[in-house]
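This report refers to the structure that appears directly beneath it.
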Amino acid sequence: MAIIKFPNQMRWGVATASYQIEGAVNEGGRGKSIWDTFSKTPGKVLNGDHGDVACDSYHRYQEDVDIISDLGVDFYRFSISWPRIFPNGTDEVSQAGLDYYHRLVDALLEKGIEPMCTLYHWDLPQALQDKGGWENRETIQAFTAYAALMFKEFKGKINYWITFNEPWCASFLSNYYGKHAPGNTDLQIAVNVAHHMNVAHGKAVMALREIDEEANIGFAPNTEWNEPYSNTPEDIKACELANGFFIDWFFDPVFKGHYPEAIVEIFRKNNAFLHLEDGDMEIISQPIDFLGVNYYTGGVARYQENAGLFETERVDTGRQKTDIGWDIYPEGFYNVLTHISNTYGDIPIYITENGSCYNDEPHNGRVVDEKRIDYLKRHLVALNRAIKSGVNIKGYIAWSLLDNFEWAEGYSMRFGLVHVDYRSLKRTKKESFYWYKHMLNNNFFETN
Ligand code: JSK
């Protein structure tokens, strides 16, 4: 047994995203997003699930804010649905959409909860997709206008902004692997999309500097950690590339002002090329205030000829998995954080997502999700080790407040600290909710 104690300044939170929880897709003048289209396309989402109702947080936000307040966190990380604000992506603004987020943010502030707001958590207005979406450089300008409006509207209320959540998912998973909206399977499109999102990120940072000198801004890439199966140069290189696809590809442009040559070379071999315009890299590499890190999983990997873009394959070493099939790999969390700190310097880091999928159901009003508590503890130990090693960790935000629409997995995969019954929409706090509440009340916990 050991006592794991966090610094007193450490801040804690819980996260959600608009399309995953809000529902009310036809209310308040909201326009369609690419996830409305994708989820209604047969075969794209498990069981034909979609976000029409989701957790109904559009109507139940006050109940959700009360739950967050009871949890006792400092931060609530949520996202704004771009098509609630600009139903057609650009031009006319929906006042009802703005009003909804003002009600939510005011309810948070009323309870002393700091809002952390993500601008792009994957729900692009369908009207923009109809004009090419993120493949089209005009979307950069549309995003900048949307971001600037949000900065003006919420100045003094929202002091933490995240431009893009998991740009790897929004570019490669969505446009090369075809698993998320809009569902393309073309590496050139994915590379263009990734680059345009990076430019849009930089433009939004520049807009914030003009509008609000007090507020902080960052982005939240998703990370994985692949540990080489052996110490052969082939396995080591394969893992560097696999990790670099998530980390270097998205971090180097922002922190170093260039793309990583090894990965550019692999794309080139696959006939996908970077198209840069003058000034793009200066825009992308604007200084940011903090980095968000999302981490869920990792594992052991090795070189395998012709295995995907990076000729890398995961090896099942018999580790435990969560219910979504992802390896539980807390050492990878420690390795990602120390690697980022060593490579990119002392930037303040918020863990913007970490959590686990376990599909426990209520029995007599209780959801006994001991495995989620165990996952949390093991990742908080890894986080604590990273802090002790000098990584500049400012906060930890658990994914997720609620069970919700888990994208291509629909409602079948539950990540919440709070259970949602999708028929009655009743919320039930899980044992992990009470564990987290108790832990952050104390700022320490005991391992067992
Ligand atoms: C969870 C990553 C944001 C928040 C959470 C899903 C994810 C994923 C999911 C990779 C992936 C699937 C599957 C198949 C093919 C490529 C959300 N985070 N979340 N984060 N990441 N194979 N390649 N070798 O809901 O909204 O890939 O991959």
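Each ligand, and each atom within it, is numbered from 1 in the order the structure gives. In this chain, numbering begins with 1 at the start of the sequence shown.
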So which protein heavy atom does [atom] come closest to, and at what separation?
{"atom": "atom 21 (N) of ligand 1", "result": "E166 OE1, 3.5 Å"}
{"atom": "atom 18 (N) of ligand 1", "result": "E353 OE1, 2.8 Å"}
{"atom": "atom 14 (C) of ligand 1", "result": "K179 CE, 3.9 Å"}

Select one of side chain, backbone, both or neither to describe which atoms of [X] lie under 4.0 Å from any atom of ligand 1, heavy atoms only.
{"X": "N294", "answer": "neither"}
{"X": "C169", "answer": "side chain"}
{"X": "L173", "answer": "side chain"}
{"X": "W407", "answer": "side chain"}
{"X": "F245", "answer": "neither"}

Is [Y] paired with [X] through a side-chain N to carboxylate O contact shorter than 4.0 Å?
{"X": "E240", "Y": "K237", "result": "no"}
{"X": "R60", "Y": "D56", "result": "yes"}
{"X": "R414", "Y": "D369", "result": "no"}

>> Measuring from atom 9 (C) of ligand 1, which candidate in Y295, Y177, W326 has the nearest non-hydrogen atom?
In response: W326

Compute whether any side-chain donor of one residue and acceptor of the other, for [X] and [Y], lie under 3.5 angstrom apart.
{"X": "S39", "Y": "H50", "result": "no"}
{"X": "N165", "Y": "T118", "result": "no"}
{"X": "D66", "Y": "S69", "result": "no"}

>> Could you check whether any heavy atom of H180 sits closer than 4.0 Å to an atom of ligand 1, since that is the contact criterion I want to use?
In response: no

>> Would W168 count as a contact residue for ligand 1, given that I'm defining contact as a non-hydrogen atom of the residue lying under 4.0 Å from a ligand atom?
In response: yes

> Would one find an N or O of E406, backbone or side chain, under 3.5 Å from an N or O of ligand 1?
Replying inline: yes

> Do R11 and Y350 meet the cation-pi criteria used here (NZ or CZ under 6.0 Å from the six-membered ring centre, within 45° of the axis)?
Replying inline: no

> Who are the side-chain contact (heavy atoms from CB on, under 4.5 Å) partners of S285, not counting sequence neighbours?
Replying inline: none

> Under the salt bridge (Lys or Arg N to Asp or Glu O under 4.0 Å) rule, what pairs show up with a residue in residues 189-205, not counting sequence neighbours?
Replying inline: none

> Only one of K371, K437, R366 clears salt bridge (charged side-chain N to carboxylate O under 4.0 Å, His left out) with E431; which?
Replying inline: R366

Please identify which atoms of ligand 1 are closer than 4.0 Å to at least one heavy atom of [X].
{"X": "Q20", "answer": "4 (C), 25 (O), 26 (O)"}
{"X": "W399", "answer": "4 (C), 5 (C), 25 (O), 26 (O)"}
{"X": "N165", "answer": "3 (C)"}

